Amino acid sequence: PDLERYALGVAWLRAQAPLLYLPDLVANPTAPVLVVAGEKTADAARAIAPDGWLVTTWAGGESVAHHSDWKPLRGRPTVVIWPDNDGSGVKCAAEIEGILGALGQPCAVIVVPRGFPEKWDLADAPPDGYGEAKLRALMISAAATCTLHEDEPPPVPAKLNGKHGL
């Protein structure tokens with residue numbers, strides 16, 4: 001039984017897991033997307049994100065983001081990544097940024113402002129002075145740095161090497 005569970009786990013890790021709310025992503029290919037870490041955070045972020053934005057996350061946690069299929073985000077005008085406020089969150093956001101870059105998808109990673117608690121994410125209550133409107137403004141500001149303009153062709157993807165969900 002242990003060997004069987006191990007084999008199933010290896011098979012799952014080799015497969016590309018779908019992003020959360022994939023039907024919404026497919027149905028709205030030009031909507032801006034906010035990427036966050038974890039289902040609880042994604043659910044909370046849906047209430048905070050600017051109107052018209054979609055929210056997604058990947059399965060399995062920060063150490064396995066590269067096992068997800070990120071291709072549904074390719075060609076979007078805007079993709080913004082909001083990491084958890086800790087070292088592993090920032091590292092994971094950089095990994096996702098690299099995966100999206102290899103797909104030719106511009107994106108921006110939000111730098112969580114100073115003064116936010118360690119490990120803070122969008123499912124947590126914002127610190128004093130940061131309401132939902134200010135959090136949305138951070139998303140919109142980040143989006144301005146990564147937007148793929150309609151009059152520009154999408155960038156040519158970097159050489160795809162079979163890593164990182166490509």
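Only a predicted model underlies this, so the values are computations on that prediction, with no experimental measurement involved.
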Any side-chain heavy atom of [X] sitting closer than 4.5 Å to one from [Y]?
| X | Y | answer |
| --- | --- | --- |
| C107 | L100 | yes |
| L135 | P126 | yes |
| F116 | D124 | no |

Hydrophobic cluster identity match, [X] and [Y], side-chain contacts under 4.5 Å:
| X | Y | result |
| --- | --- | --- |
| L19 | L54 | yes |
| I81 | M139 | no |
| L22 | V35 | yes |
| L138 | L122 | yes |
| V80 | Y130 | yes |

Determine the minimum heavy-atom distance between [X] and [Y], stating which atoms define it.
| X | Y | result |
| --- | --- | --- |
| A59 | A17 | CB-CB, 4.2 Å |
| C146 | T78 | SG-CG2, 4.1 Å |
| P50 | I140 | CG-CG1, 3.8 Å |
| R136 | I48 | CG-O, 2.7 Å |
| V55 | A49 | CG2-CB, 4.0 Å |
| A123 | A44 | CA-CB, 3.6 Å |

Donor-acceptor pair, distance only, cut-off 3.5 Å: does the side chain of [X] make one with the backbone of [Y]?
| X | Y | result |
| --- | --- | --- |
| D43 | K40 | no |
| W58 | G61 | yes |
| T41 | V36 | no |
| R76 | L25 | yes |
| W70 | A65 | yes |
| Q105 | G75 | yes |

So, are K91 and D84 salt-bridged, with charged N and O less than 4.0 Å apart? no
Pair K119 + D86, salt bridge at N-O below 4.0 Å: yes
Aromatic plane relationship, W82 with W120 - under 30° parallel, 30 to 60° tilted, over 60° perpendicular: tilted
Working to the nearest 0.5 Å, report the span between [atom1] of [X] and [atom2] of [Y].
| X | Y | atom1 | atom2 | answer |
| --- | --- | --- | --- | --- |
| I99 | L103 | CD1 | CG | 8.0 Å |
| E97 | C92 | CD | SG | 11.5 Å |
| T56 | D24 | OG1 | CG | 9.0 Å |
| T57 | I96 | OG1 | CD1 | 7.0 Å |

Residues H67, Q16; criterion side-chain hydrogen bond (donor to acceptor under 3.5 Å, both in side chains); working and verdict: CA-CA 5 Å; H67 290 297; Q16 291 185 336; over 6 Å; no
